[in-house]
Amino acid sequence: MKRNNQRAPFSNIIGQFYTIPSPIPLTNGYTIPAGTRVFIHTSIFLTSGEESVTIVFPMQAGGACVAGSTVVNASTLMFNNPGSGVQTVRFKK
């Protein structure tokens, strides 16, 4: 997302929940389903002008519910653009 684009900048909702409109496949093979409420942890603007967002999401691992986090481009969260811009995946048990 370009800095001058006025579409839902995620920097304005840090610390809040956001429902993703489409699935987000992650590099580890897990897909965050559409309709999942994710927590907006941080947001930065890259030198390219794109907004990079760290999200925290629930997932199951070994029968337990764990929190995962990943960094995605804001456009991945806003549009029907699954998988675009996933950079890293972290899990916390």
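The first residue in the sequence is number 1, and the count goes up from there.
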Next item on the list: Could you pull out the closest heavy-atom pair between P58 and C65, with the gap in Å?
Entry: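 Answer, listing the atom of P58 first, then C65: CB-SG, 4.4 Å.
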
Margin query: According to side chain to side chain donor-acceptor pair (under 3.5 Å), who are the partners of S43, at least two apart in sequence or on a separate chain?
Written below: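 In terms of side chain to side chain donor-acceptor pair (under 3.5 Å), with neighbours along the sequence ignored, S43 is linked to E51.
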
Notebook entry, point to check: Partners of T31 by side chain to side chain donor-acceptor pair (under 3.5 Å), sequence neighbours excluded?
Noted result: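 None.
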
Note to self: Treating Y18 as the side-chain partner and I13 as the backbone partner, does any N or O pair qualify as donor plus acceptor under 3.5 Å?
What the structure shows: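 No: the side chain of Y18 does not pair with the backbone of I13.
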
Next item on the list: Answer yes or no: is there a donor N or O on one side and an acceptor on the other, between the side chain of N28 and the main chain of Y30, under 3.5 Å?
Entry: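 Judged by distance alone, yes, a pair lies under 3.5 Å.
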
Item checked: side-chain contact (heavy atoms from CB on, under 4.5 Å) involving I44 - partner list, sequence neighbours excluded ->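 Residues passing side-chain contact (heavy atoms from CB on, under 4.5 Å) with I44: L46, S52.
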
Item checked: In one Ile/Leu/Val/Met/Phe/Trp/Tyr side-chain cluster, 4.5 Å: F17, V56 -> yes

Notebook entry, point to check: In the single-linkage hydrophobic clustering (I, L, V, M, F, W, Y; side-chain heavy atoms under 4.5 Å), do I55 and F39 co-cluster?
Noted result: no

Notebook entry, point to check: What's the verdict on side chain to side chain contact (heavy atoms under 4.5 Å, CB included) for I32 and M59, showing C-alpha distance, side-chain angles and the deciding distance?
Noted result: CA-CA 8 Å; I32 305 171; M59 63 178 289; over 6 Å; no

Next item on the list: With the side chain counted from C-beta on, respond yes when F57 and L26 share a heavy-atom pair under 4.5 Å apart, and no when they do not.
Entry: yes

Notebook entry, point to check: Do V53 and T42 pass the side chain to side chain contact (heavy atoms under 4.5 Å, CB included) test, and can you show the C-alpha distance, the side-chain angles, and the key distance before you say yes or no?
Noted result: CA-CA 6 Å; V53 183; T42 58; over 6 Å; no

Next item on the list: Working to the nearest 0.5 Å, report the span between CD1 of I20 and CG of L77.
Entry: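 Answer rounded to 0.5 Å: 7.5 Å.
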
Notebook entry, point to check: Hey, what do you get for NE2 (H41) to CD (Q16), rounding to the nearest 0.5 Å?
Noted result: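 Nearest 0.5 Å value for the NE2-CD distance: 14.0 Å.
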
